[in-house]
Amino acid sequence: MTHEELDRLSVEIRSFLVDKVTRTGGHLGPNLGVVELTIALHRVFDSPADPIVFDVGHQGYVHKVLTGRREAFDDLRKQDGVSGYPCRAESDHDLVENSHASTALSYADGLAKAYQLRGERRSVVAVVGDGALTGGMCWEALNNIAAGTDRSVVIVVNDNGRSYSPTIGGLADHLATLRLRPGYERALEGGKRVLQGTPVVGKPLYTALHAAKRGIKDVLSPQAMFEDLGLKYLGPVDGHDFESLEGALRRAKDFGGPVIVHAVTRKGNGYPLAENDVLDQMHQTDPIDPVTGKPRTSKGTVWTSVFAEELAAIGAEREDVVAITAAMLRSTGLAPFAERFPDRVFDVGIAEQHAITSAAGMAMAGLHPVVAIYSTFLNRAFDQMLMDVALHKQPVTVVLDRAGITGPDGASHHGMWDLSILGVIPGIHIAAPRDAATLREELREAVAIDDGPSVLRFPKATVGADIASVERIGTVDVLRRPAAGESADVLLVTVGSFAELGLAAAERLAAQGIGVTVADPRWVAPVPTELAALAADHRLVVTVEDSGRHGGFGWALAALLRDHDVDVPLRDLGIPNEFHAHGTRDEVLVRLGLTAQDVARRVTGWASNLLGRDQVEAKVSDTA
Ligand SMILES: Cc1ncc(C[n+]2csc(CCOP(=O)(O)OP(=O)(O)O)c2C)c(N)n1
Ligand SMILES: CC(=O)[C@@H](O)[C@H](O)COP(=O)(O)O
Ligand SMILES: [Mg+2]
């Protein structure tokens with residue numbers, strides 16, 4: 001293709017992305033920034049023989065368009081539609097589905113080692129953003145990749161200077177230095193052309209070339225960091241110019257060893273509403289009007305904003321309270337706190353492990369850090385929670401947004417693991433607020449805990465109306481007692497926002513003559529012992545949680561009942577421990593039977609079996 005044809009193709013893809021993604025929602029900004037880069041990659045390398053691994057994968061839409069999935073974009077991120085991330089089931093061109101950042105270079109190192117061992121001469125390409133590069137795994141991988149001097153690993157740094165907001169830290173500053181001295185490659189090429197035009201040949205030419213290169217490098221492009229690591233560095237190149245891009249990528253491919261191509265791109269490129277979006281250059285957008293940018297649907301109050309407001313209020317009362325984000329300040333609700341207390345908020349980059357352990361350090365020095373993070377991203381900081389915070393009994397509060405089923409971001413984003421993994425930590429306190437009022441209350445209780453880690457979890461959802469309790473027993477709120485004349489048949493224990501679902505199910509059951517008590521533990525770890533006595537007053541206990549069943553709250557309550565010799569059968573409802581494909585949150589919950597109707601149906605089944613046949617051997621948890 002001529003460069004004119006390539007330019008026309010990139011214009012066509014850009015307008016396609018704007019048209020489709022403003023209808024479906026998705027990562028419009030990141031993908032507008034990699035149109036030329038992705039086209040050039042597919043022109044220079046032979047995917048899938050030369051695998052292209054995208055870090056996070058949210059910038060993989062152009063790759064999908066170029067690999068036969070253009071027609072699928074009307075259903076982008078919709079249930080049974082094309083995923084918003086690479087998806088192995090969709091194409092051989094897709095390898096990595098995990099949307100957790102900073103993994104691409106490790107995959108690349110592994111792929112390259114395997115190809116070398118099998119004698120396969122293939123280039124492995126990893127596209128990693130400047131934000132993802134702030135993640136520790138990248139540096140573990142670079143250390144290994146640099147050792148493989150004869151393995152063709154092409155690391156394309158997609159440097160747009162931003163994660164959501166401008167990327168922070170020394171590395172980001174270094175990349176900016178490189179970015180701000182463009183033209184190193186052009187000057188080098190120019191120097192070569194001049195020298196090659198002279199009668200100088202052989203060793204003198206090589207010596208002159210080397211001197212020119214040294215001089216240009218020292219003046220234009222101090223990229224010692226990468227070269228000191230043993231990595232050839234090419235760049236910075238204009239990530240929107242096909243000639244520069246393809247030239248650098250071809251050199252990288254021919255180099256035959258580990259090489260970094262530093263591509264400077266612009267998030268949202270070519271679409272002013274994204275380019276000029278000061279918050280995050282339309283990193284991710286809900287469905288919007290493509291001309292005005294106005295959202296096509298309106299949202300109610302989300303859990304995040306309740307947290308944001310209450311933390312800022314706490315910050316005004318307690319100057320020891322500080323906030324930490326892993327490159328997601330706004331998404332996790334820390335913006336109001338940051339506006340009021342700019343010196344007490346820390347963005348550590350996409351570095352959740354560092355966030356947790358540095359929080360432990362802050363706590364050791366007398367602060368009370370609040371780490372705001374999505375549930376799914378805390379997975380990678382488990383050891384830091386266990387050994388750096390809990391072992392030392394440090395007062396760190398972790399606020400887990402996006403806990404439970406999240407929806408369109410699919411399997412690697414559902415926050416379904418936190419109760420199972422954190423529940424094993426000695427001394428941990430975990431709260432699951434049921435509404436805005438209890439979020440405020442439990443957040444204050446959490447920052448008052450000074451003998452170990454405290455955790456709060458809430459979903460990616462609008463928050464419902466406050467739900468009053470009829471009685472508080474210890475930390476447990478009883479939300480409903482059986483009505484007059486109803487027997488205390490079932491104790492339904494709901495976790496967090498599922499209180500609303502539990503109350504609706506209880507009314508359905510009452511209509512069938514089954515008496516239900518609904519209780520909200522508020523703090524789900526350690527499991528409140530008051531639940532043992534409450535359970536003993538009923539003939540069946542049912543738990544329902546927006547969390548993985550394996551090792552979830554239901555399992556923990558069953559253990560408590562056993563420890564207290566409460567021999568009442570318990571059934572636990574939650575998210576099956578599988579990887580759940582994308583859809584809206586509600587669609588996925590329906591798929592999983594986590595609705596009031598389904599819960600009522602399940603409880604009716606158990607109740608009629610158990611209550612109708614008292615002598616039936618009670619089973620601890622339904623294996624269904
Ligand atoms: C471990 C982890 N933490 C946080 C996120 C959320 N997240 C998704 S994309 C993104 C920013 C990525 O920035 P960069 O790598 O520069 O890519 P760009 O969006 O600029 O193309 C973040 C923080 C994530 N995917 N993984
Ligand atoms: C890739 C990325 O940015 C994810 O972290 C995800 O898109 C977050 O989406 P929400 O903030 O809408 O949950
Ligand atoms: Mg970036």
Side-chain angles (χ1 to χ4, degrees), residues 25-35 37-38 54-62 77 83-86 96-105 126-138 156-169 171-172 175-176 179 239 263-269 274 279-286 299 302-304 325-333 347-356 372-381 400-410 412-415 459-461 582 584-585:
H27 292 91
L28 186 52
N31 283 281
L32 289 170
V34 295
V35 173
L37 174 58
T38 311
F54 291 90
D55 199 287
V56 180
H58 63 308
Q59 77 292 58
Y61 298 0
V62 182
R77 292 159 49 95
S83 165
Y85 300 90
V96 174
E97 305 187 358
N98 178 17
S99 60
H100 291 198
S102 318
T103 64
L105 302 189
V127 180
V128 58
D130 56 295
L133 265 183
T134 59
M137 262 180 80
C138 281
V156 180
V157 176
N158 170 31
D159 179 11
N160 51 31
R162 305 181 73 103
S163 293
Y164 281 69
S165 45
T167 302
I168 65 95
L171 169 76
L175 285 176
R179 224 174 23 241
V264 179
T265 63
R266 181 171 174 72
K267 212 168 202 177
N269 193 50
L279 292 183
D280 63 16
Q281 289 183 315
M282 216 173 270
H283 174 84
Q284 149 125 303
T285 181
D286 290 328
K299 273 187 208 170
V302 291
W303 287 85
T304 313
T325 177
M328 300 178 78
L329 184 122
R330 293 187 175 283
S331 312
T332 58
D347 180 351
V348 298
I350 310 180
E352 287 81 2
Q353 294 170 319
H354 173 70
I356 296 298
I373 184 173
Y374 285 6
S375 164
T376 190
F377 300 137
L378 185 67
N379 296 351
R380 60 174 46 178
L400 299 180
D401 198 338
R402 273 61 170 181
I405 292 297
T406 49
D409 289 295
S412 59
H413 258 79
H414 296 311
K460 176 178 184 176
H582 60 277
T584 67
R585 171 176 158 84

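Note that ligands are numbered from 1 as they come in the structure, with each ligand's atoms numbered from 1 the same way. Residue numbers run from 1 in the order of the sequence given.
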Does a side-chain heavy-atom distance below 4.5 Å link His100 with Thr376?
yes
Look at atom 12 (O) of ligand 2 and say which protein heavy atom is nearest, naming residue and atom and giving the distance to 0.1 Å.
Gln284 NE2, 2.7 Å
Atom 1 (C) of ligand 2: closest protein heavy atom, distance to 0.1 Å, is Tyr85 OH, 3.2 Å
Side-chain donor or acceptor of Lys267 paired with backbone N/O of Ser163 under 3.5 Å
yes
I'd like to know: is the Mg ion (ligand 3) within the 2.8 Å range of an N/O/S atom from Arg162, strictly under that distance?
yes
Pairing of Asp286 and Lys299 as salt bridge, 4.0 angstrom limit:
yes
Is there a polar contact between ligand 1 and Thr167, counting only N or O atoms under 3.5 Å apart?
no
Atoms of ligand 2, numbered as shown, that sit under 4.0 Å from any heavy atom of Tyr374:
8 (C), 10 (P), 11 (O), 13 (O)
How close do Leu133 and Leu175 get, heavy atom to heavy atom, and via which atoms?
CD1-CD1, 4.3 Å
Can you find an N or O of Gln59 that's nearer than 3.5 Å to an N or O of ligand 1?
no
Are the side chain of Arg402 and the backbone of Lys460 linked by a donor-acceptor contact shorter than 3.5 Å?
no
Give the single entry among Asn379, Val56, Asp409, Asp55 that approaches atom 8 (C) of ligand 1 most closely by any heavy atom.
Val56
Assess Arg380 for proximity to ligand 1: is some non-hydrogen atom of it under 4.0 Å away?
yes
Scanning both residues in full, the closest heavy-atom pair of Arg162 with Thr167 reads C-OG1, 3.0 Å
How does His27 reach ligand 1, if at all, at less than 4.0 Å between non-hydrogen atoms: by side chain, backbone, both, or neither?
neither
Just do the side-chain contact (heavy atoms from CB on, under 4.5 Å) check on Val34 and Tyr61 with the steps written out, would you?
CA-CA 9 Å; Val34 295; Tyr61 298 0; over 6 Å; no
For atom 13 (O) of ligand 2, which candidate among Arg330, His283, Arg402 holds the nearest heavy atom?
Arg402
Does any N or O in the side chain of Thr325 come within less than 3.5 Å of the main-chain N or O of Met328, such that one atom is a donor and the other an acceptor?
yes
Hey, which atoms in ligand 1 end up nearer than 4.0 Å to a heavy atom of Tyr164?
7 (N), 10 (C), 22 (C), 23 (C)
List every atom of ligand 1 that sits less than 4.0 Å from any heavy atom of His283, numbering the atoms from 1 in the order shown and giving each element.
9 (S), 10 (C), 11 (C), 19 (O)
Gln284 side chain to Asp280 backbone, donor-acceptor under 3.5 Å:
no
Contacting atoms of ligand 2, where contact means under 4.0 angstrom from a heavy atom of Val56:
1 (C)
Please identify which atoms of ligand 1 are closer than 4.0 Å to at least one heavy atom of Asp130.
16 (O)
Contact (N/O only, under 3.5 Å) between Arg162 and ligand 1
yes
List every atom of ligand 1 that sits less than 4.0 Å from any heavy atom of His100, numbering the atoms from 1 in the order shown and giving each element.
26 (N)
How does Ser102 reach ligand 1, if at all, at less than 4.0 Å between non-hydrogen atoms: by side chain, backbone, both, or neither?
neither
For His413 and Ser99, what are the C-alpha separation, side-chain angles and deciding distance, and is it a side-chain hydrogen bond (donor to acceptor under 3.5 Å, both in side chains)?
CA-CA 7 Å; His413 258 79; Ser99 60; 2.6 Å; yes
Output yes when a side-chain donor or acceptor of Asn158 lies under 3.5 Å from a complementary backbone atom of Val264, and no otherwise.
no
Within reach of ligand 1, part of Asn160 (heavy-atom separation under 4.0 Å)
side chain
Is there a nitrogen or oxygen of His413 sitting under 3.5 Å from a nitrogen or oxygen of ligand 1?
no
Please confirm whether His27 comes within less than 3.5 Å of ligand 2 when only nitrogen or oxygen atoms on both sides are compared.
yes
Is there a side-chain contact (heavy atoms from CB on, under 4.5 Å) between Arg266 and Asn160? Walk through the geometry before answering.
CA-CA 5 Å; Arg266 181 171 174 72; Asn160 51 31; 5.8 Å; no
Using 2.8 Å as the threshold, say whether any N, O or S atom from Thr167 sits that close to the Mg ion (ligand 3).
no
Asp401 and Thr332: side chain donor to acceptor below 3.5 Å:
no
Do Ser83 and Glu97 come within less than 4.5 Å of each other through their side chains, counting heavy atoms only?
no
Heavy-atom contacts with Tyr164 under 4.0 Å: which atoms of ligand 2 show up? List them by number with element.
2 (C), 3 (O), 4 (C), 5 (O), 8 (C)
How close do Ile356 and Ala381 get, heavy atom to heavy atom, and via which atoms?
CG1-CB, 3.8 Å
Taking the non-hydrogen atoms of Met328, is any one of them nearer than 4.0 angstrom to ligand 1?
yes
Full working for side-chain hydrogen bond (donor to acceptor under 3.5 Å, both in side chains) between Asp409 and Tyr85:
CA-CA 8 Å; Asp409 289 295; Tyr85 300 90; 2.6 Å; yes
Using 2.8 Å as the threshold, say whether any N, O or S atom from Asp159 sits that close to the Mg ion (ligand 3).
no
For the Mg ion (ligand 3), give me the closest N/O/S atom belonging to Asp130, just the atom name.
OD1
Just going by heavy-atom distances, which of Gly161, Ala132, Ala172 is nearest to atom 15 (O) of ligand 1?
Ala132
Any N/O pair Ala101/ligand 1 closer than 3.5 Å
yes
Interfacing atoms of ligand 2 (cut-off 4.0 Å, heavy-atom, Lys460)
10 (P), 12 (O), 13 (O)
List the atom of Gly135, the atom of Ser102, and the distance in Å for their closest heavy-atom pair.
CA-OG, 3.3 Å
Atoms of ligand 1 close to Lys267 [distance to a heavy atom under 4.0 angstrom, numbered from 1]:
18 (P), 19 (O), 20 (O)
Run the numbers for me: atoms of ligand 1, each under 4.0 Å from some heavy atom of Ser163, listed by number.
11 (C), 13 (O)
Sub-4.0 Å atoms of ligand 1 with respect to non-hydrogen atoms of Gly131
13 (O), 14 (P), 15 (O), 16 (O)
For ligand 2, is there an N or O atom under 3.5 Å from any N or O atom of His413?
yes
Does the residue Thr406 have a heavy-atom contact with ligand 2, meaning some pair of atoms that are separated by less than 4.0 Å?
no
Side chain Gln353, main chain Arg380, donor-acceptor under 3.5 Å:
yes
How about Leu329 and Asp347: do any of their side-chain heavy atoms sit closer than 4.5 Å?
no
Enumerate the atoms of ligand 1 whose separation from the nearest heavy atom of Asn158 is less than 4.0 angstrom.
21 (O)
